[in-house]
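Below is a structure I'd like to ask you about.
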Amino acid sequence: MVDQEAKTTHNKTTGLPRKRFYRARAHSNPLSDSHFPVPLFPSQFDYSLHYPHFFPASSEHDSSKRIQFADIGCGFGGLLVSLSTLFPDTLMIGMEIRDKVTEYVKERILGLRATNPGQYQNISVVRTNSMKYIPNYFGKGQLRKMFFLFPDPHFKEKNHRRRVISPHLLDEYAYALAEGGIIYTITDVEELGEWMKGCLEDHPMFEVLGDEELEADPVVKLLSSATEEGQKVARNGGQTFRAIYRRITP
């Protein structure tokens, strides 16, 4: 007889989803078309659906409060969960292209909200292709932080155009980031780390953060510890390569 506990998608004790029921391929082709709704303009994004604590009804939107942190390719949502309590009044969104993984993050957030009243109300997730639709979600200078943690390396040279950090995509990220906003990248693939660093270094609207700034930033410590990929690299004794840059006016 099959154990009933083994069949349920949620842990009965914590109320959180079981990751093994939401597994998907590690990566997706960002150039392929997927079928999911995309707002035509940032003003069409329904904040009340994602942040009901802050926006109890769509007719009561506070136009002064907007998403300020975006985790691109958020995976299973580890960074979002860690940042949520660190910046409880800051709205954050995870953007993930894989449907099962997105569903897991949704269920994880709902579970955390239910078991921790008043907390985790500032994070949400949306299934989308961030390489195509960043301007559909964020207005000019809206974001303070963007995260690109352990992105798909796309090793083959012919697939480098699929990389989420590239010269032309940095133009879009620079548009969405406020002056002084920060872009965080980390990978365990040295060649990709050099690629991302080189793209940011060559772009006129970004400058590297100094060692003192990195040491004082509490977010930096989470880059290699908050995500499933980062934890896996740490367990295996692997090396990571960071590139953290600030949006400037050239």
- Task: Verify, without hydrogens or angle tests, whether Arg163 (side chain) and Pro153 (backbone) share a donor-acceptor contact under 3.5 angstrom.
- Result: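 It does hold such a pair.
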
- Any side-chain donor-acceptor pair under 3.5 Å between Asp217 and Tyr184?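 The criterion, which ignores hydrogens and geometry beyond distance, is satisfied for Tyr184 and Asp217.
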
- Message: Tell me whether Glu213 contacts the main-chain N or O of Gly210 through its side chain, where contact means a donor paired with an acceptor under 3.5 Å.
- Response: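 Side chain of Glu213 to backbone of Gly210: a pair is present.
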
- Can you find a side-chain donor-acceptor pair between Tyr245 and Glu201 that sits under 3.5 Å? yes

- Query: How many angstroms lie between atom CZ of Phe45 and atom CD1 of Ile67, to the nearest 0.5 angstrom?
  - Reply: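 It comes to 4.0 Å.
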
- Please step through ring pair (Phe, Tyr, Trp, His ring centres under 6.0 Å) for the pair Tyr104 and Phe76, ending with a clear verdict. CA-CA 7 Å; Tyr104 171 86; Phe76 290 96; 5.2 Å; yes

- Query: Is a side-chain donor or acceptor of Gln142 paired with a backbone partner of Gly139 at a separation under 3.5 angstrom?
  - Reply: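 Confirmed, Gln142 side chain pairs with Gly139 backbone.
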
- Item | Working for side chain to side chain contact (heavy atoms under 4.5 Å, CB included), residues Asp71 and Met92 | CA-CA 8 Å; Asp71 185 5; Met92 314 175 193; over 6 Å; no

- Arg66/Tyr47 under side chain to side chain contact (heavy atoms under 4.5 Å, CB included): CA gap, chis, key distance, verdict: CA-CA 8 Å; Arg66 286 290 178 262; Tyr47 276 70; 2.9 Å; yes

- Message: Between Tyr137 and Thr128, do the side chains contain a donor N or O and an acceptor N or O under 3.5 Å apart?
- Response: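 Per modelled atom types, Thr128 and Tyr137 side chains form a pair under 3.5 Å.
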
- Query: At their closest point, which heavy atom of Pro135 faces which heavy atom of Glu172, and how far apart are they?
  - Reply: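 That would be CD-OE1, 3.6 Å.
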
- Message: Tell me if a side-chain donor or acceptor on Ser84 pairs with a main-chain N or O of Leu80 at a distance below 3.5 Å.
- Response: no

- So CD1 of Ile72 and CG of Asn129: to nearest 0.5 Å the spacing works out to 10.5 Å

- Identify the heavy atoms of Tyr120 and Ile109 that sit nearest to each other, and give their distance.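 What the structure gives for the nearest pair is O-CG2, 4.0 Å.
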
- For the student: nearest non-hydrogen atoms of Gly75 and Val105, plus distance: O-CG2, 3.2 Å

- One should read off an interatomic distance between Leu79 CG and Leu223 CG, to the nearest 0.5 angstrom, of 7.0 Å

- Please confirm whether the backbone N or O of Leu143 pairs with a side-chain atom of Gln68, one donor and one acceptor, at under 3.5 Å? no

- Do the side-chain N and O atoms of His203 and Asp171 include a donor-acceptor pair separated by under 3.5 angstrom? yes

- Query: Does Ile165 belong to the same Ile/Leu/Val/Met/Phe/Trp/Tyr cluster as Phe155, with side-chain heavy atoms less than 4.5 Å apart forming each link?
  - Reply: yes

- Query: Would you find a donor on one side and an acceptor on the other, under 3.5 Å apart, between the side chain of Asp46 and the backbone of Ser48?
  - Reply: yes

- Check the pair Met196 / Phe241 against side chain to side chain contact (heavy atoms under 4.5 Å, CB included), numbers first and verdict last. CA-CA 10 Å; Met196 295 193 293; Phe241 307 90; over 6 Å; no

- Task: In plain terms, say whether Arg113 and Glu107 are close enough for a salt bridge, that is, a side-chain N and a carboxylate O under 4.0 Å apart.
- Result: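 Salt bridge: no.
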
- Query: Looking only at atom types and distance, does a side-chain atom of Trp195 sit under 3.5 Å from a main-chain N or O of Glu190, one as donor and one as acceptor?
  - Reply: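 Such a contact is absent between Trp195 side chain and Glu190 backbone.
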
- For the hydrophobic clusters of this structure (ILVMFWY residues joined by side-chain heavy atoms under 4.5 Å, transitively), does one cluster hold both Ile186 and Leu86?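 In one cluster: yes.
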
- Message: Regarding Glu103 and Lys100, does a basic nitrogen lie under 4.0 Å from an acidic carboxylate oxygen?
- Response: no

- Query: Would Leu214 and Arg242 satisfy side chain to side chain contact (heavy atoms under 4.5 Å, CB included), going step by step from the backbone distance to the final call?
  - Reply: CA-CA 11 Å; Leu214 294 175; Arg242 302 181 315 202; 4.0 Å; yes

- Which class fits the ring pair Phe147 and Phe69: parallel under 30°, tilted 30 to 60°, perpendicular over 60°?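 Perpendicular: the ring planes of Phe147 and Phe69 meet at over 60°.
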
- Polar side chain donor-acceptor pair, Thr102 to Glu96, under 3.5 angstrom: no

- Query: Considering residues, nucleotides and ligands other than Lys221, do more than 12 of their heavy atoms fall under 6.0 Å from its NZ?
  - Reply: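 It does: Lys221 NZ has more than 12 such atoms within range.
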
- Query: When rounded to the nearest 0.5 angstrom, what is the spacing between CZ in Phe148 and CD1 in Ile244?
  - Reply: 13.0 Å

- Task: Give a yes-or-no answer on whether the side chains of Thr240 and Asp188 include a donor-acceptor pair shorter than 3.5 Å.
- Result: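 Their side chains do not contain a donor-acceptor pair, so the 3.5 Å distance test is not met.
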
- Any chance CG of Asp211 has more than 12 other-residue heavy atoms, nucleotides or ligands included, within less than 6.0 Å?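 Counting neighbours around CG of Asp211, 12 or fewer heavy atoms of other residues, nucleotides or ligands fall under 6.0 Å, so no.
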
- Item | Main-chain N/O of Val219 paired with Lys145 side-chain donor or acceptor, under 3.5 Å | no

- Measure from NZ or CZ of Arg247 to the centre of the six-membered ring of Phe206 and say whether it is under 6.0 Å with the direction within 45° of the ring axis. no

